[in-house]
Structures are given as structure tokens and as C-alpha cells.
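As C-alpha cells, the structure follows; a few thoughts come after it.
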Amino acid sequence: MRIVLGVSGGVAAYKSVLLLRLLREQGHRVRVVPTASALRFVGAPTWEALSGEPATDQVFEDVEHVPHVALGQGADLVVVAPATADLLSRAATGRADDLLTSTLLTARCPVVMAPAMHTEMWEHPATVANVATLRARGVHVIEPASGRLTGADTGPGRLPEPEEIARTALEIATRAADPVPATDPGQGEPSVQGQDLAGLHVVVSAGGTREPIDPVRFIGNRSSGRQGAALARAAQARGARVTLVAANLDGEVLGPDAGTASAPVPDIHVVPVETTAQLREAVRTAAATADVVVMAAAVADFRPVSAPGAKIKKVPGQGPAPIVLVENPDVLAELAHERLRPGQVVVGFAAETGDGAGSVLDHGREKARRKGADLLVVNAVGDGRGFGVDVNDVTIVDGSGEVVATSSGSKREVADAVWDAVVTRAAAAAR
Ligand code: CTP
């Protein structure tokens with residue numbers, strides 16, 4: 001593969017020396033394009049010796065080969081690591097004031113950026129907006145790692161390890177070269193949307209929570225987890241890093257043993273949970289680094305106030321034992337109102353039956369306004385619809401209750417419609 005390795009000016013540039021070696025060891029041709037600031041951290045001789053190619057930030061060198069156009073046009077993959085706040089800003093505004101930014105404008109191959117900067121810079125609304133703009137244009141911006149930064153401070157903004165950047169970038173380039181993933185029996189047609197979720201971390205909750213009454217009984221619901229699992233698989237096929245918080249999924253939904261810690265689904269990080277409290281904890285932990293959270297799980301609204309450690313015995317003639325219920329926190333509403341990460345897209349589901357007070361859509365619209373989510377996927381349940389079947393029929397509304405899309409078909413097709421709406425929403429927010 002012909003790779004352009006862009007390096008912008010941060011201390012983490014030293015890690016890109018290792019990234020360059022890794023890419024070269026795997027047989028790729030790599031041309032390093034540093035910025036002027038990057039050359040203050042690591043000099044051109046290091047890049048040139050390890051790549052075997054010239055390394056300059058200048059557009060006025062080697063002009064007969066028109067490098068500011070040729071490098072981008074000839075690349076199969078462009079990786080920028082580290083991508084500083086300044087580089088993200090220049091790329092987002094389309095500047096072409098050095099060889100790297102010119103290359104970014106001429107590249108038509110996958111572009112992967114690995115940001116590195118201090119937490120304050122990463123979380124600044126200007127950087128958040130620049131990242132959203134780049135992602136909306138199809139640039140794959142990898143989440144920075146959390147940990148020790150240049151000084152004594154710690155937090156999100158650290159450059160991921162070179163092995164991880166290499167693996168992610170090469171996967172993205174390989175998928176782009178072969179965009180239609182293998183057919184996934186039982187999950188409907190594969191996505192053909194390409195890699196529009198690449199570089200994003202998405203969290204999907206699926207299944208139904210169970211609230212223990214005693215060691216052998218629980219209050220549960222009929223959700224199989226099929227729609228949530230289809231959402232996770234579709235996101236993975238579209239390039240996202242996926243965390244699936246799996247609440248008591250039906251055994252066959254992800255595979256015979258999948259959904260358990262001992263048999264995770266390849267490439268999907270599965271966190272098995274049982275109760276609403278466990279689901280809340282797992283979703284919130286993952287949401288701290290997520291770009292999108294989709295609450296597809298059917299969450300119990302109430303739980304028994306306490307569950308004795310021993311089985312509750314029936315005492316003949318005394319009637320039913322009272323089960324005192326308390327209300328569970330609303331995980332979706334909390335996420336929507338707290339916004340654990342700036343720019344995070346929060347999506348809910350609403351399974352409705354319709355009643356004398358309103359239709360399925362009326363209830364969905366009211367719920368969208370009440371919960372504060374960016375998108376709410378409304379579907380009719382009951383009479384054999386919704387639960388445990390392979391098809392679904394949904395209306396997607398925004399936070400004000402406006403219909404933004406409808407979809408009916410396999411749960412995989414509906415999942416892709418949800419991700420389409422998320423991508424459209426993120427792109428609109430970036431404008
Ligand atoms: N949800 C949640 N936490 C709860 C209940 C629901 O996060 N305690 C989420 C679900 O995952 C789903 C959405 O909220 O994305 C709608 O769930 P639903 O059960 O339809 O909403 P309720 O608030 O329970 O409304 P209803 O009055 O219809 O029961």
C-alpha cells in the first residue's frame with residue numbers, strides 16, 4: 001500500500017517514528033509529510049532514514065513532480081499522527097498552506113487522523129466543531145486515548161499507541177478497498193454505506209433488564225435484543241468501534257455463547273449485564289468516550305425495593321406476597337440531559353401500543369420531547385409485532401417530535417436507517 005504519514009507538531013511525534021517503522025515492516029511504502037512544527041520535534045533525517053523517502057514540509061521543493069498534488073492523488077491511505085488542534089483546524093477549513101494540508105485536499109483515499117493534545121484543547125468547542133466537520137466529510141478521526149499527557153496532567157488527549165493506530169488505519173483502508181462486508185446470515189442484507197462511522201465509538205444497549213425478586217425470580221420483559229444486536233453489527237460494518245451493553249440477550253441473537261464474557265463477539269466489545277443498575281453503570285462508563293449512544297434496551301421502569309437472599313416461600317392461605325416496587329433511574333433521559341461528552345448523539349427507542357390517549361406516533365412524539373434525546377426510534381409492539389421477530393417497522397423522530405425518517409424491513413435494514421439518521425444528524429450539527 002502507498003501510505004502518506006502526516007505528522008504535525010506535538011511531542012507525540014516521537015511515537016510516529018514507531019508507527020512509521022511498523023508500517024514499513026508490514027511492507028508498505030510510506031512517505032512522511034511533516035509540518036514545520038513537527039520538524040522541530042523530530043528532524044527530517046530520522047523520517048528519511050526510516051522511510052527511505054524525502055521528508056519535507058515544503059511545496060517549493062521537487063516542484064517538477066508537483067508534490068502538493070501528486071502525493072495525495074497517489075496515496076492509498078493518509079494517516080495523520082499526531083494531529084494537533086492546529087492541524088485539525090487547518091484541515092477543517094480547507095487550508096493548503098503547506099505540503100501536508102495540500103495533500104489532504106488532493107487525497108481521495110481514506111484519511112485517518114489520530115489527534116493528540118491537552119484535554120482542554122481537545123474539549124474546546126472549536127476543536128469539537130472541527131472534528132465534527134472532518135468526520136461529516138468522511139475523515140476518520142480516532143478517539144484519543146486517556147492517560148498521562150506531556151506534563152504531570154492526565155486526561156483524554158493522548159496519542160493512541162502506534163500499534164493501535166496502524167491496526168485501525170490499515171483496517172479502514174482495507175475495508176474501503178472492499179466496502180461490502182461478507183453476508184451475515186440471519187441479520188438481513190449487509191450495509192453498503194461504506195465506512196461512514198469509522199473512527200467513531202458507538203455504544204448500543206440491547207435486550208431487556210431483569211430485576212430480581214429473590215434468587216430465582218425476576219421482573220423482566222419480552223425484549224430479545226435482536227434489534228440492538230443488529231444495530232451493533234451494522235455499526236461495526238460501517239467502521240465504528242462498538243460497545244454492546246447486552247442485557248440478557250436471547251442465546252441465538254449473537255451466537256451460541258455470545259454475549260457472555262467468555263465468548264465475546266469478534267470486534268464488538270460486549271458487556272453483559274442483568275439489572276438496570278448494572279446496565280446504567282456499563283452504559284455511562286462506555287458513554288464517557290462515545291460519540292453516539294443508542295439505548296435500544298427495554299429497561300425496567302421499576303424494581304423490587306429489596307430482594308431477599310433466600311427464595312420467598314408461599315404460605316398457603318395467606319394470599320400473594322407483596323412486592324414493593326421503587327422507580328429506576330431513566331438512563332436515556334439522564335444521558336440526554338447531562339451530555340457526558342460534547343457533541344455526543346443520544347438515541348432512544350420507544351415501543352408503543354397506542355391507546356385511547358393517542359396513536360403510537362403521538363406517544364412517540366411526546367416521549368421524544370420528554371426524554372430530550374436527539375433521535376427517538378418509535379415502533380408499534382403487541383399483536384405479534386416488535387418482540388422476538390426478525391422484521392421491524394419504525395418511525396424516527398427528532399427531539400422536537402418531527403419525523404425525520406421511516407423504515408420497515410429486516411432489523412438490519414432498520415438498524416442501517418437509524419445509523420443513516422445519526423450520520424445526517426451529526427453532519428447537520430457540524431454545519
Ligand atoms: N429507558 C431508560 N431507562 C429507563 C426506562 C427507559 O433508559 N428506566 C430508555 C429505553 O432504553 C428506551 C427509551 O428510554 O430507549 C424509552 O423506553 P420506554 O420504556 O418506552 O420509556 P418509558 O419512559 O418507560 O415510558 P413509558 O411510560 O411508555 O413506560
Side-chain angles (χ1 to χ4, degrees), residues 202-211 218-232 235 243-249 271 273-287 290 292-305 325-340 344-382 385-387 392-399 401 411 414-415 417-419 421-422 425:
V202 311
V203 178
V204 178
S205 72
T209 59
R210 291 178 181 173
E211 305 296 349
F218 58 81
I219 297 174
N221 60 68
R222 288 152 61 89
S223 176
S224 66
R226 279 189 174 80
Q227 185 61 71
L231 280 156
T243 301
L244 177 64
V245 178
N248 312 297
L249 296 200
V271 185
V273 296
E274 188 181 346
T275 65
T276 300
Q278 291 165 357
L279 176 135
R280 177 174 179 269
E281 178 66 28
V283 167
R284 290 177 67 87
T285 301
V292 187
V293 183
V294 180
M295 284 292 298
V299 181
D301 288 331
F302 297 95
R303 67 179 186 281
V305 67
L325 299 177
V326 289
E327 197 171 333
N328 273 329
D330 190 319
V331 184
L332 175 68
E334 282 180 352
L335 289 172
H337 291 115
E338 286 175 36
R339 299 286 161 174
L340 295 178
Q344 185 173 74
V345 180
V346 177
V347 183
F349 268 69
E352 302 289 346
T353 58
D355 55 24
S359 67
V360 166
L361 190 54
D362 293 336
H363 284 298
R365 288 187 148 132
E366 185 277 321
K367 195 169 283 182
R369 290 189 280 265
R370 174 160 49 88
K371 299 243 180 187
D374 300 302
L375 297 168
L376 193 78
V377 185
V378 185
N379 69 325
V381 290
R385 292 178 300 183
F387 291 128
N392 212 347
D393 187 356
V394 304
T395 302
I396 305 175
V397 298
D398 66 15
K411 290 197 170 176
V414 167
V418 173
W419 293 121
V422 167
R425 165 100 204 172

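These numbers come from a predicted model, not from an experiment. Just follow the structure's listing: the first ligand is 1, and inside any ligand the first atom is 1.
Side-chain contact between Val397 and Leu361 is present, with at least one heavy-atom pair separated by less than 4.5 Å. The closest side-chain heavy-atom distance from Thr353 to Val381 is below 4.5 Å. Using a 4.5 Å heavy-atom threshold, the side chains of Phe218 and Thr275 count as separate.
Nearest to atom 20 (O) of ligand 1 by heavy atom, out of Arg303, Glu352, Lys371, Lys367, is Lys367. Nearest-heavy-atom check against atom 10 (C) of ligand 1 across Ala297, Ala206, Gly348 picks out Ala297.
By the side chain to side chain contact (heavy atoms under 4.5 Å, CB included) test, Arg369 is found to be paired with Arg365, residues two or more places apart in sequence or in another chain being considered. Considering only residues two or more places apart in sequence or on other chains, Arg284 meets the side chain to side chain donor-acceptor pair (under 3.5 Å) condition with Glu334, Glu338.
Under a 4.0 Å criterion applied to the non-hydrogen atoms of Asp301, ligand 1 contributes the atoms 5 (C), 8 (N), 24 (O), 29 (O). Listed by number with element, the atoms of ligand 1 under 4.0 angstrom from any heavy atom of Arg370 are 23 (O). Applying the 4.0 Å criterion to heavy atoms of Met295 picks out, from ligand 1, the atoms 7 (O), 11 (O), 12 (C), 15 (O). Atoms of ligand 1 lying under 4.0 Å from at least one heavy atom of Leu332, given by number and element, are 2 (C), 7 (O), 9 (C), 13 (C), 14 (O), 15 (O).
By the 3.5 Å distance cut-off applied to N or O atoms, Val331 is counted among the residues near ligand 1.
For atom 12 (C) of ligand 1, the nearest non-hydrogen atom of the protein is Phe349 O, 2.9 Å.
Summarising the local packing, CD of Gln278 is surrounded by more than 12 heavy atoms from other residues, nucleotides or ligands at distances under 6.0 Å.
With a 4.0 Å cut-off on non-hydrogen atoms, Pro329 touches ligand 1 through its backbone and not its side chain.
Defined by atom type and a distance below 3.5 Å, a donor-acceptor pair is present between the side-chain atoms of Asn328 and Glu211.
Looking at Arg280, Arg370, Lys371 one by one, the single match for side-chain hydrogen bond (donor to acceptor under 3.5 Å, both in side chains) with Asp330 turns out to be Lys371.
Heavy-atom separations between Ala296 and ligand 1 are all 4.0 Å or longer. Distances from ligand 1 to the non-hydrogen atoms of Arg280 include no value under 4.0 Å.
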